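Shown next, in structure tokens, is the structure this report addresses.
Worth saying up front: this structure is predicted, and the values here are computed from it rather than measured.
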Amino acid sequence: MRTAGKIIGGYKGRPLIVIEVVSPSTYKIDVTLKKDLYCAYGVEEYWIADPYNKTIRQCTLEHDRYAETIIACGETFDSVIGTIDTALVFQGV
């Protein structure tokens with residue numbers, strides 16, 4: 001069961017999934033500070049999409065910690081939003 005709570009900038013509630021597209025200037029923030037923040041607030045799934053390496057780091061909440069899986073372009077994986085084909089995610093990149 002989800003509970004309402006303030007996250008950032010006045011938004012209420014907790015998203016089911018957060019997807020970040022990293023750049024060289026934000027990479028460190030996305031994989032440390034933001035990941036820790038989303039975990040602390042109970043975001044069930046967090047993706048760190050890297051268009052340079054064409055990978056997705058899927059972080060799935062398990063027992064108050066994120067389990068991480070690296071998915072390469074061309075692979076499929078299960079997500080809280082369905083089955084994802086990374087070839088479509090990175091199409092045109």
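Side-chain polar atoms of Glu45 and Ser79 form a donor-acceptor pair below 3.5 angstrom. Side-chain polar atoms of Thr83 and Asp78 form a donor-acceptor pair below 3.5 angstrom. For the residue pair Glu20 / Tyr27, no side-chain donor-acceptor distance below 3.5 Å is found, with atom types taken as modelled.
Annotation: the span from Thr76 atom OG1 to Ile71 atom CD1 amounts to 9.5 Å, rounded to 0.5 Å. Atom OG1 of Thr60 is separated from atom CD of Gln58 by 4.0 Å, given to the nearest 0.5 angstrom. One finds the CH2 atom of Trp47 at 4.0 Å from the CZ atom of Phe77 (value rounded to the nearest 0.5 Å). Here the CD-SG distance, from Glu44 to Cys39, works out to 12.0 Å after rounding to the nearest 0.5 Å. Annotation: the span from Tyr38 atom OH to Leu33 atom CG amounts to 10.5 Å, rounded to 0.5 Å. For the atom pair CD1 of Ile17 and CD1 of Ile81, the computed distance is 4.0 Å after rounding to the nearest 0.5 Å.
Side-chain contact between Tyr52 and Ser23: present, with at least one pair of heavy atoms (C-beta onward) separated by less than 4.5 Å. Counting only heavy atoms from C-beta outward, the side chains of Cys73 and Thr55 never approach each other to under 4.5 Å. Taking 4.5 Å as the limit, some side-chain heavy atom of Ile84 sits within range of a side-chain heavy atom of Val89. Residues Val43 and Arg14 meet the side-chain proximity criterion, which asks for heavy atoms closer than 4.5 Å. The shortest distance between side-chain heavy atoms of Ile56 and Thr86 falls below 4.5 Å.
In plain terms, the two heavy atoms of Val93 and Lys54 that are nearest each other are O-NZ, 3.0 Å. Minimum heavy-atom separation, Phe90 to Pro51: CE2-CA, 3.9 Å.
Linking ILVMFWY side-chain heavy atoms closer than 4.5 Å, directly or via other members, places Ile19 and Leu16 in a single hydrophobic cluster.
Judged by distance alone, the side chain of Thr32 and the main-chain N or O of Lys28 form a donor-acceptor pair under 3.5 Å.
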Could you go through Tyr66 and Asp36, starting from their C-alpha distance and side-chain angles, then the distance that decides it, and tell me whether this counts as side chain to side chain contact (heavy atoms under 4.5 Å, CB included)?
CA-CA 9 Å; Tyr66 278 134; Asp36 291 344; over 6 Å; no

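Ion pairing of Lys35 with Glu68 is present here, as a side-chain N (NZ or NE/NH1/NH2) and a carboxylate O approach within less than 4.0 Å.
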